[in-house]
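Here is the structure we will look at, set down as structure tokens.
The shown structure was predicted, so the numbers you read here are calculated from the model rather than taken from an experiment.
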Amino acid sequence: MDEVKLRRYSTSLTISGYGVIAFGLWSIVKTILLTVMHPEVAGILPDEETGISRDVYIALMICIMVLLLGFDLGLRIYIGLSARAEGNGKKKHITYLVFAAFLLTVSLLSLLAGLDIDDYDSTLDYLASLLVEITSMAAVLELIYSSVRVRLLRKKTERETMA
């Protein structure tokens, strides 16, 4: 019975790992689309006189955005590949779970900060964005849960084998 559960949680862990990576790629696509379609909302255009030229300001904001997206994607790739490896039977350090918890916390804070419907063009845009963010958080939560279950079941199996 434990072998079936272990196999099920391992598969879930692997799939969740891929999901976390996919949502990282989606965040890049979403940011590019938002920046192209609504640069004022994306924060690319200065609201008022900043003391530096408009072109320098835009270049600086794009650099900051690229760095943040790169960090987010790198973190998601690390978490996702670690989950996949653990799901396939390799022992991984708990570090990726700490990063996953951090990612979940940041996603939750981002979700709570973005609940203002006035920031969206339509109710449908708002609901779609909300649904995607909640789904992304669910993938991370499933990854954490499955990883803990896999670790516990493997320890239990090792103890039973030794006895």
Side-chain angles (χ1 to χ4, degrees), residues 1-39 41-44 60-116 119-120 124-161:
M1 184 67 168
D2 284 341
E3 288 181 22
V4 173
K5 285 182 181 180
L6 179 59
R7 202 169 40 247
R8 183 174 29 146
Y9 287 121
S10 293
T11 301
S12 179
L13 182 57
T14 301
I15 292 170
S16 297
Y18 284 124
V20 168
I21 294 171
F23 280 110
L25 294 172
W26 167 246
S27 74
I28 290 174
V29 170
K30 180 178 80 170
T31 302
I32 291 170
L33 289 173
L34 179 66
T35 302
V36 170
M37 296 173 70
H38 301 287
V41 174
I44 296 296
L60 182 64
M61 294 310 293
I62 289 174
C63 286
I64 290 170
M65 192 179 302
V66 167
L67 286 173
L68 289 174
L69 286 172
F71 175 76
D72 180 62
L73 183 61
L75 186 64
R76 288 176 178 272
I77 288 172
Y78 171 73
I79 292 167
L81 293 179
S82 295
R84 187 193 74 163
E86 187 165 33
N88 289 330
K90 294 183 182 173
K91 289 193 178 207
K92 295 300 290 182
H93 196 268
I94 198 167
T95 305
Y96 87 94
L97 289 176
V98 173
F99 286 146
F102 171 75
L103 184 63
L104 185 63
T105 304
V106 169
S107 293
L108 181 61
L109 294 174
S110 172
L111 177 72
L112 294 175
L115 286 179
D116 188 8
D119 291 343
Y120 296 88
L124 186 60
D125 286 347
Y126 173 75
L127 291 175
S129 180
L130 193 64
L131 182 63
V132 169
E133 190 63 34
I134 290 171
T135 307
S136 174
M137 289 172 43
V140 176
L141 193 60
E142 177 66 25
L143 182 144
I144 293 169
Y145 178 75
S146 295
S147 178
V148 169
R149 296 296 300 166
V150 164
R151 287 168 179 262
L152 291 173
L153 286 168
R154 283 193 180 139
K155 282 183 183 177
K156 183 178 178 185
T157 304
E158 286 175 11
R159 276 182 286 173
E160 289 173 355
T161 305

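Contact between G87 and L13 at its shortest, heavy atoms only, is N-CD2, 3.6 Å. Of all heavy-atom pairs between G17 and A83, the closest is CA-CB, 4.0 Å. Nearest heavy-atom pair across Y78 and T95 is OH-CB, 3.8 Å.
In this structure, K92 NZ and S82 OG are separated by 4.0 Å, a value rounded to the nearest 0.5 Å. Rounded to the nearest 0.5 angstrom, L69 CG and I64 CD1 are separated by 12.0 Å. Distance check, rounded to the nearest 0.5 Å: CD of E3 to CZ of R7 gives 7.0 Å. S107 contributes atom OG, which lies 9.5 Å from atom CZ of F102 (distance to the nearest 0.5 angstrom). The structure places CG of D72 at 7.5 Å from CD1 of I28, a figure rounded to the nearest 0.5 Å. Taking OG of S146 as the start and CD of E86 as the end, the distance is 10.0 Å to the nearest 0.5 Å.
In terms of the side chain to side chain contact (heavy atoms under 4.5 Å, CB included) criterion, residue partners of Y18 (sequence neighbours excluded) are, by chain and number, T14, R84. By the side chain to side chain contact (heavy atoms under 4.5 Å, CB included) test, L124 pairs with S122, sequence neighbours left out.
Between I144 and V140, some side-chain heavy-atom pair lies under the 4.5 Å cut-off. With contacts defined as side-chain heavy-atom distances shorter than 4.5 Å, the pair V20/L103 qualifies. At least one side-chain heavy atom of Y96 sits under 4.5 Å from a side-chain heavy atom of S147. Using a 4.5 Å cut-off on side-chain heavy atoms (C-beta onward), L67 and F71 make no contact. Residues I79 and L97 form no side-chain contact, since every pair of their non-hydrogen atoms from C-beta on lies 4.5 Å or further apart. A heavy-atom distance below 4.5 Å is not found between the side chains of S10 and R149. Side chains of L68 and T31 form no contact here, defined as non-hydrogen atoms less than 4.5 Å apart. At a threshold of 4.5 Å between non-hydrogen side-chain atoms, the residues K156 and L152 do not count as touching.
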Give the intermediate values and the outcome of side-chain contact (heavy atoms from CB on, under 4.5 Å) for residues T11 and I15.
CA-CA 6 Å; T11 301; I15 292 170; 3.8 Å; yes
Criterion side chain to side chain donor-acceptor pair (under 3.5 Å) on E133 and S110, from CA distance to verdict
CA-CA 9 Å; E133 190 63 34; S110 172; 4.8 Å; no
Can I62 and V66 be said to form a side-chain contact (heavy atoms from CB on, under 4.5 Å), step by step?
CA-CA 6 Å; I62 289 174; V66 167; 4.3 Å; yes
Apply side-chain contact (heavy atoms from CB on, under 4.5 Å) to R159 and K155, showing your working.
CA-CA 6 Å; R159 276 182 286 173; K155 282 183 183 177; 4.3 Å; yes
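With salt bridges taken as basic N to acidic carboxylate O contacts below 4.0 Å, none links R154 and E160.
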